[in-house]
Structures are given as C-alpha cells and as structure tokens.
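Notes to accompany the following structure.
Proteins get letters first, then strands, A, B, ... in listed order; numbering begins at 1 in each.
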Amino acid sequence: MEYNFPEIEKKWQLRWIADKTYKVAEDTSKPKYYVLDMFPYPSGVGLHVGHPLGYIASDIYSRYKHLNGFNVLHPMGYDAFGLPAEQYAIQTGQHPAITTEKNIKRYGEQLQILGLSYDTDRELCTSDPAYYKWTQWAFIRMFNSYYCYDEQQARPIEELIECFKQQGSIGLNVACGEEMNFTADEWNAKSEKEQQEILLNYRIAYKGDTMVNWSPDLGTVLANDEVSEGLSIRGGFPVVQKVMSQWCLRVSAYAQRLLDGLDMIEWTDSLKEMQRNWIGRSEGAEMLFKVKDADVNIEIFTTRADTIFGVTFMVLAPESDYVQLLVKSEQKAEVDKYLEAVKRRTERERIADRKVTGVFTGSYAINPLSGIEIPIWISDYVLAGYGTGAIMAVPGHDSRDYDFAKHFSLPIVPLIEGCDISEESFDAKEGIMMNSPQPGKSIEGGLVLNGLSVQDAIAKTKQYIEEKGLGKVKVNYRLRDAIFSRQRYWGEPFPVYYKNDIPHMLDVSDLPLELPEVDKFLPTETGEPPLRRATKWAWDEQNREVVETSKIDNKTIFPLEFCTMPGFAGSSAYFLRYMDPHNNEALVSKKADAYWKNVDLYVGGTEHATGHLVYSRFWNKFLFDLGVASMDEPFQKLVNQGMIQGRSNFVYRVKGTNKYVSNGLKDDYATMEIHVDVNIVENDVLDVEKWRAWSPEYKDAELILEDGKYICGWAVEKMSKSYYNVVNPDDMVKKYGADTLRMYEMFLGPLEQAKPWDTKGIDGVHRFLRKFWRLFHDEKNEPNVSDEEANDKELKVLHKTIKKVQQDIETFSFNTAVSAFMICVNELGDLKCNKREMLEPLTILLSPFAPHICEELWEMLGHKDSVTKAKFPEFNEQYLVKNTFEYPVSFNGKMRFKKPLPLSLSPAEVEKEVLADENAVRWLEGKTPKKIIVVLGKIVNIVV
RNA sequence: GCCCGAGUGGUGGAAUUGGUAGACACGCAGGACUUAAAAUCCUGUGGACAGUAAUGUCCGUGCCGGUUCGAUUCCGGCCUCGGGUACCA
C-alpha cells in the first residue's frame, strides 16, 4: 500500500500521547485562544458519523490558530448526569456510574482515533465529585446572593438583611418573587423562620411554590426548555401543570443583561433571535382596574395601552389569586366546576383542542379611563405565569379576545378608523384611533385618543396613567426562573439540609456532598424521590458529616434534600473549569481565569439555543458578579454545526412475493419499501451477497435487476438504528483512515447546514490524499523530493492556495478549503512538481485537516519537531499579480470574445484597444460604442 | 399564526462588492495501461437546436414582475421545503 494510513495514524496517535503534544499551559508570551466543543452526553450507542462534525471543525480551527502562534486551549469532557443512564439503571439495576464510565471509555476511544488535538489532561466529567463540588459551590453562592437592579448585579444576601434591619423592604429595587412591603420594625419583629421564608423571595437560588411542568411518567419536574408541545423532549411523555415547592434559579433577574449581552457577541443572527424570543421582552403598562362593590384592584399587563377604551370585559387565569376573591356566591358552583375541568386537562390537551371555554365570576370591574362597568370572566386562555395572570380584553383588536367575545356574545368595539371587525379582529398596530372614548361615554377632562396614530396613542396613554397614578410603565419578560429540582437519582445532590423545614446550606468546606447509595433507582412507593431510599442521608451539623438517616433527631442531625439538580447544572460553568481543572481550592484560579478569560470559539448544535446557552450565560454572569469569572459573556463567537441526517436505503418487495425489484423498475410493480442496512449498499448499489447473508428472509429472494445491478431507493431521515442508516465513524476510519474521514466530513457541505450523510464521494477525498502522498514519492513509493527552486508558475499555485485556504478557514468555509487543496494538488501533479519549497508549506497548510499524513510527510522531509510546531505559511501577493489579463467582453450581454490587455490601461485606452480589435469591430457591426464599462481595471461590458 | 433560513446539473455543492453560472467532488460514458482484476491516468458530461467538424445560436440558478448596460446576487409579490416559537395580552 503506497499510502499506508492505518500504520501512519496509529504511529502518530501514540506519539502524540507519549510526547504530550497537545498539552497546554498558561504562557503569557503568546496570545491565548480558547476553542470549545459542546461536550457530549456519553450515551450507550456510541458516536455516529454525525457527532464528530463539530469536533473536527473545531479541531481544524484550533490547529490553525496554533500554527498562527496562538496558545490554544482545546479541551474535551463529558456531560455525564442524565436520564438515559438512570432509565437504564432502573431497568437493569446497574449503577449509572458504571454505565457512564463504560460509555465514556468508548467515547474516548472513538474520539481518539479521529486525531483530535485535545489536551486530555484537562478532561472532566460532570458526575465526578471533584467536579460537581463546584456545581454545588455555585449553588450555595446563589443561595447566599440576591439581585440588585440598581447595581445590575448579584450581591451578598447579608447586605439585603442589613437593609431590611435598617429600612425594611420599601423602595428597594431588587429582584424578587413577589413584591413585599415591610418596615424595618416589622422585619425585626419577625421570627427567624419568618425571616428565612421572606429571604427565599429574594435569593438567587430559592425554594418556592411554582407552577411546574410535571411528568408523571418520568416522576419528575421539567424545565420549560425540556418540554415541547406539552410533551417531554426526552421520551415524549405527557406533561401536566402543577404547583410544587421546588428549588429555582432566579434567571429572570438577568433577563435584561442576557438580552443586552447578545449585542456584544458574535453569534449567528438566527441564534440571537431565538434567544431574544425566548427572553421575550415586551414593553407595556400595568394598570389597576377597581372591582365594583369590593375592595379589590385587579392588576393587568398590556402592550396595547391605546386600546383601553375598547375593553369590554376582563379575564382571569384559572389559577389566579383573584379568582377566589371575586367569585360571587351565585356563580360559585359553576366556577368550581370549570376550575375542576381545567385542572384535569394536560398542557397538551389545552394546545390540541383550542376550544373557547370560560365562566363568568359574577363580579364587575370599572374601566379607570371611561368608568364603564365590565364583567370579569375566567378562562384558561389567560396564563397564570405571564404578566399578572389577568388581562383587559379588547375583542376588537385581539384575536383571542375576539373569539371569546363571539363565543359568549360579549360586546366588541372597533377603535381604529376604517377597520373591519365583522369577521375577525384587527390586530395590527397601525391606523388612526376612534371611539376613544366612545361617544357619550367620556369622563370630564379625561384622556382622549381620537385622531392619534396607534403609536402616539400608546405613548400618550402610558404618560396619562403614570401621571394620574392609574398604573405604570412596565417591561415584562417571557423568560421564567429555572426550576432546579429533579426528583431523580442521577444528578448532583443539593448541598442542603432542612432544619425546622427551613433549608440550610452546607459549608463550602464540606463539599463535595457525594451521591448516596440506594437500593433501587426508582421513586419510593409514596412517590418521593429515589434519594429518600438512601439509608445514609442525614446531616450531622456538629461533626459536619453525612450520617445514617435513622439518626435524624432534628436537633443536631437533620434530613438532607432528596431532590437532585437538573441536567443543565453541570454544563453551566464547565468551560471555566477547563481553565484550571485540577484546582481543589477554587472553581478556577484568578491567574488561570485572567489568562484564558472566556471561550473565543464555541462549536455546537442549535438544539441548545434556549437551554444550555441561556443557563450557562446566566451562570457565568452570576460568577462574573462574584468576581470569579472575568468576562461577562462566556462565549465570544459561536458556530452551529448543522445536523447530519441519515440517508436510508430501500429495497422494493413486490407485494405478496419474495421478489425484489430494482429502483428504476419499481413503477412496473406494486411494491412495498423496506429499509436495508446502508452499510451493505455502495453508491445505491446493493451488495447482493451481503444482503442475502444479512437476514434469512432474503436468502432465497428473487431479484429483478437493472443493468445487472440492484439499485436501491433512498430517502433522508433521522439517523437511527431502526432505519438501518447509522454509519459508524470507526468503520469509516478503518476503511479510509481518520484523515480521509475528517476531510470528507468537511467536504460534505457548509458546516452550518444540515445535510444527509452520504458515503458516496468519500473515495474522492481519499484519492486526493493518495495524490498528495505521491507528490512526495516516486513510482516505487520511495521518498522523492527535489531541492530545486520553485518557478513562478509553481509559486503562483502555492500562494493562491495559501490565500484561499487561510480565508476559508477564517470564515469556517471548510468545504471550499478542501476543494482548494484538491485543485492545488491536481495542478502540482500536472506540473510534476516535487520541490521541497512547495511541499513544505503545503504540508503545514494541510495539517489542520489531515494531521496524521502531514506529520508523517513532515518527518520524511527531515523535520525532527512535530508539524504542529511549524508556522503557518504567509502568502505573497506578488506571485498572484497579473501583468496582463484576458477578460471577456460582452455587448449588451450577448456576444463575447476574449482579449488580453495590460492591466494599466485607462478606460479611454481600453476603448481604443477595443475599436482596434477586428473581432470587436465585427461584433459591433460598425456601431460605435456608447459606453465601455470598466470596473477595477477590467472591461465588463460595452454598450452600443 | 408569527420569527428566522434555504430553493442552482443525475447527486453533494462553488460563484468576492451586481460582472464568463455550474469551481471541486461524486456518478455516468468512452479511452489508455494490464493475461485479467485492483489501482492509476486521460477525455467527455446543464438542456435544446444547427453543423461532417472545429464551432455556433438560443434557453437555463423555485415562480411572476421590477431596478440595471448586466441579476444566482438588489427590490416587490407568490410557491415549496427546513428550523424556532406560540393562547406571552
């Protein structure tokens, strides 16, 4: 074999390990660059060919940066806590730690054979107590912090307590669950327990009653980003809404900073947009509606303050606290019936059938601007979790209110001149106001909006209600606090014990608090989390250690928390830990953090847009506030690699027979499509022998061939075992080598685009590497490199390639970079060029893409040091400059001829040249040119 | 519904700021080398029409229109597909 990739790749992988080639340390003499992949969850099935796409891309980029003199941090680790390992544990009884370890080992091997330049000494794993110690530590710090809006940062909770002692809560501008008003005296008079309960309303990590997504099948709560269309993302189980006391993180306090920070970072617009939508900032107004004959004011939120005169009723969310206050006795039975019906419906059912439902409370509110009485209704189209859980309904200009009004025959008032609301509401924020107030229903000296544009009316109303004290301008966010408890075993234990039902934190010096052993990984019979089963899960406050559960006396020994942290806990600050992974005194040392700062390039999939990428930005901002992280934003630049889909192959069975017809002939028969393993199909041609051996049912099958071949049909589907379309990177490496696989994955198409994996074409890349190898070798495969000087023609080829490849790498256009290499090697092959002056820079240039072969050739060229220590070649513009050019000229976009002209000519001279050219004169048919268009020294057109 | 993104040969995909559309690769067809195969190399390869031929002409970047000397690229409208999100007031 002339290009012996198995031997070469093995040799260099072992040498990289032995020499610690990719080990990095802080080095202030060099600029730093931090390249990070989103670390994988090590699942049982191993990697398929789609996973390494991003890893290869980031590896190419970090190698490229390294060649350009940067000190590159490029680590890898494992996000090891999670549901699949636990589900597997429940089924088999095997401890998730064992499964996880096994899977990690397999992942490690699969990644290693790809030749990725990770500093493996920095590898981390979120389920390792030495790592999750710092997850627990951060949680304690969040518990001991509150968020101050004036300072726009997290502050120690002691400051807030001091404030309460001195002046109470009045006038404080801090993040909290619900507004509280108490004086210093009131605070000081409260018991310790009451004070602690109040503080939970302010802590950044807090325990509170919240509406949660509860999955009965999984036996746990889920965060909003773990639920889609009323089903859990993992497993697709139904989710119901339920009020539970849970640990939460006050992510909402950071909403504005999370939004503002997006302007400072280089992410794709679509990803930023997704985050903006998720955060969902909306500017509006909060207004109070007085309830008739009751001492209650209903607070509502609206973005359409201008429509205040079109309010014909109000609606409360079924879970709203106002409901019980406002239900009149004569309506009570009906309301209770409705509330009961709503409770039974899952989130999914609510979405699936959008029937208009609701019930009248019997109470009326008074429109503060018109004085008109309006009925108060209850309906599940109003959400308790957003705004105030109550709305003013404007059926003329809100489609949901419109449907409700139509269904219950409530009045509808149009407010925009010329709008047609006979069939549907007019929701657009445009037009000129009318009916504001309605004729004959104005209040003396009240607000008048008639004749104003919608935008002006919104502004005027806001100003008016603020002046009159009827409400205030308010910004609302869709972003909810993160629910941080999971009723699960395989997660980080909370460093929390309960004393008199009040949560207390362990001391930082007591960490890590390790997961206890349990007999089963299932919830208890009474539905409590698995940790309830642990026999040793109590905290001895005096000796500061975990002791037997049976010893709990609630005097010195207390119960520990039974819930564990969710999947995103461990992945929220791992990028900081890589900077200083063995530090036992801090998450990251000041020195390491000051040097590495933040991630310069983060590569991963879009599926984390609203989960991980929100949580980790929040977490990092919190640590930034503490002074632990030096950068406000953790990920400066982010590139999303597209998903690699599977490409399935089919055979076509003629119905009711054991005959199979080739794709091109299938229309002549009634057939059914059957998946066939893509690994026994090449270029859509079925390997019949392997197929017959694949399954007994095909052993004696009759085939109807075309041109002597069986051609399979194909379709793009998810890569999945059940479609038999999973392609394993190990097999590809075995067959073609890691260098070929790396380059082929890049060649497949633009990095960010989703594309199907198709093995067709990998031969082309493999062929390229063989051609590259042959440039350095003679017919007998003996090294053969000439020391002759390169000529201009060859240097032009080289410098053209350097320029193109450099540009392409910097713009993550790796597919065209691979093309540039192919063109270059083809041209050098044509020139029969084997000159060292050419081959050395080319080897360096190619080494980020195909490191193994380049190391081998580099060594062959007589270098002792690794090619990774080389310097990226500089291109010289001088070799690219042309003295003359041969550009096409077209007349009115139709006729063309080619003419070489010196570059230095002025447009007038060009015109003269053209008229002197007999071809041109012929094409011009005697007409004189009106205009000769010369762009940047080239003729692009001649207009006659 | 709303918000993004994308539609180019048989296939994956190129094309800088508006300037020769289809680079590069796959596949296919033909050829060279070989006893043969593998490997390698060479030639052709968007479509239609004309020509013995070199070649030439026309049509072609989802559809319709616009701006321009010139549009895959810019503008307006529509269609299709992919992603996100949703009773968010």
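Both cation-pi conditions hold for A:R617 and A:W267: the charged atom is under 6.0 angstrom from the six-membered ring centre and inside a 45 degree cone around its axis.
Summarising the geometry, the separation between CG on A:N277 and P on B:G84 is reported as 13 Å, rounded to the nearest angstrom. A:D758 has its CG atom 13 Å from the C1' atom of B:G10, to the nearest Å. Between A:L769 atom CG and B:U40 atom P there is a gap of 12 Å when expressed in whole angstrom units. Rounded to a whole Å, the CZ atom of A:R774 is 7 Å from the P atom of B:U40. Summarising the geometry, the separation between CD on A:Q645 and C1' on B:G12 is reported as 13 Å, rounded to the nearest angstrom. The CZ atom of A:R647 sits 9 Å away from the P atom of B:G12 (whole-angstrom rounding). One interatomic measurement links the two molecules: CG of A:D398 to P of B:A86, which rounds to 18 Å at whole-angstrom precision. Regarding A:I458, its CD1 atom lies at a distance of 12 Å from the P atom of B:A89, rounded to whole Å.
Between B:C63 and B:G7, the two C1' atoms lie 11 Å apart (nearest whole Å). Here the separation of B:C24 from B:G46, taken at their P atoms, is 12 Å to the nearest Å. For the C1' atoms, the distance from B:A86 to B:G13 is 35 Å, rounded to whole Å. On the C1' atoms, B:U52 is 37 Å away from B:A14, given to the nearest whole Å. Rounded to whole Å, the P atom of B:C64 lies 13 Å from the corresponding atom of B:U73. Atom P of B:A25 sits at a distance of 16 Å from the matching atom of B:A15, rounded to the whole Å. When the C1' atom is used for both B:G30 and B:C81, the distance is 38 Å, rounded to whole Å. Taking the C1' atoms as reference points, B:G12 lies 30 Å from B:C3, given to the whole Å.
In this model, the phosphate group of B:C88 is not approached by any side-chain N or O of A:Y477 to a distance below 4.0 Å at OP1 or OP2. When the side-chain nitrogen and oxygen atoms of A:Q753 are compared with OP1 and OP2 of B:G82, none of them lie within a distance under 4.0 Å. Contact between the side-chain N/O atoms of A:R281 and the OP1/OP2 oxygens of B:C88 is not found at any separation under 4.0 Å. Side-chain N/O atoms of A:R770 include one lying less than 4.0 angstrom from OP1 or OP2 on B:U40.
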Could you provide the dot-bracket string of RNA chain B, using ( ) for intrastrand pairs, [ ] for crossing pairs and | for bases paired to another strand, with Watson-Crick or G-U pairs below 3.5 Å? (((((((..(((......[....)))((((((.......))))))(((((....)))))..(((((..]....))))))))))))....
Mind running side-chain hydrogen bond (donor to acceptor under 3.5 Å, both in side chains) on A:N640 and A:T606 for me, showing each step along the way? CA-CA 6 Å; A:N640 290 119; A:T606 2; 4.6 Å; no
Go through A:Y736 and A:F5 one step at a time and tell me if the ring pair (Phe, Tyr, Trp, His ring centres under 6.0 Å) criterion holds. CA-CA 8 Å; A:Y736 297 98; A:F5 60 85; 7.8 Å; no
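Nucleic acid contact class of A:L748 (heavy atoms, under 4.0 Å, all strands): sugar-phosphate only. Among the atoms of the strands shown, none is found under 4.0 Å from any heavy atom of A:P756.
Under the 30°/60° scheme for interplanar angles, the aromatic rings of A:F772 and A:F768 are found to lie parallel. Below 30°, between 30° and 60°, or above 60°: for A:W377 and A:F408 the angle between ring planes is between 30° and 60°, a tilted geometry.
Donor-acceptor pairing under 3.5 Å is lacking for the side chains of A:T816 and A:S819.
Each of A:A754 and A:M392 lies near RNA chain B, and the nucleotide nearest A:A754 is the one positioned closer to the 5' end. Two residues, A:T610 and A:D269, neighbour RNA chain B, and the one matched to the more 5' nucleotide by heavy-atom proximity is A:D269.
Distance from the side chain of A:D380 is smallest for B:C87 among the nucleotides B:C87, B:A89, B:G13. Residue A:R400 places its side chain closer to B:C88 than to any other of B:G13, B:C88, B:C42. Of the listed nucleotides (B:C3, B:A89, B:G13), B:G13 has the atom at the smallest distance from the side chain of A:K755.
None of A:H766, A:H777, A:K771 except one satisfies the side-chain contact (heavy atoms from CB on, under 4.5 Å) rule with A:Y3; the exception is A:H766.
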Base, backbone or nothing for each nucleotide of nucleotides 24-38 of chain B, written B, S, -, heavy atoms under 4.0 angstrom, 5' to 3'? BSSS-----------
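Ionic pairing of A:R400 and A:D398 is present here: one or more N-O contacts between side-chain nitrogen and carboxylate oxygen are shorter than 4.0 angstrom. Under 4.0 Å is where a charged nitrogen must lie from a carboxylate oxygen, and between A:R770 and A:D763 no such pair does. A salt bridge does not link A:K474 to A:E283: none of the charged side-chain nitrogens sits closer than 4.0 Å to a carboxylate oxygen.
Heavy atoms of other residues, nucleotides or ligands lying less than 6.0 angstrom from CG of A:D778 number more than 12.
Qualifying ring-ring contact (aromatic ring centres under 6.0 Å, His included) partners for A:Y386, counting only residues two or more places apart in sequence or in other chains: none.
Base orientation of B:G9: syn, since the glycosidic angle falls within 90° of 0.
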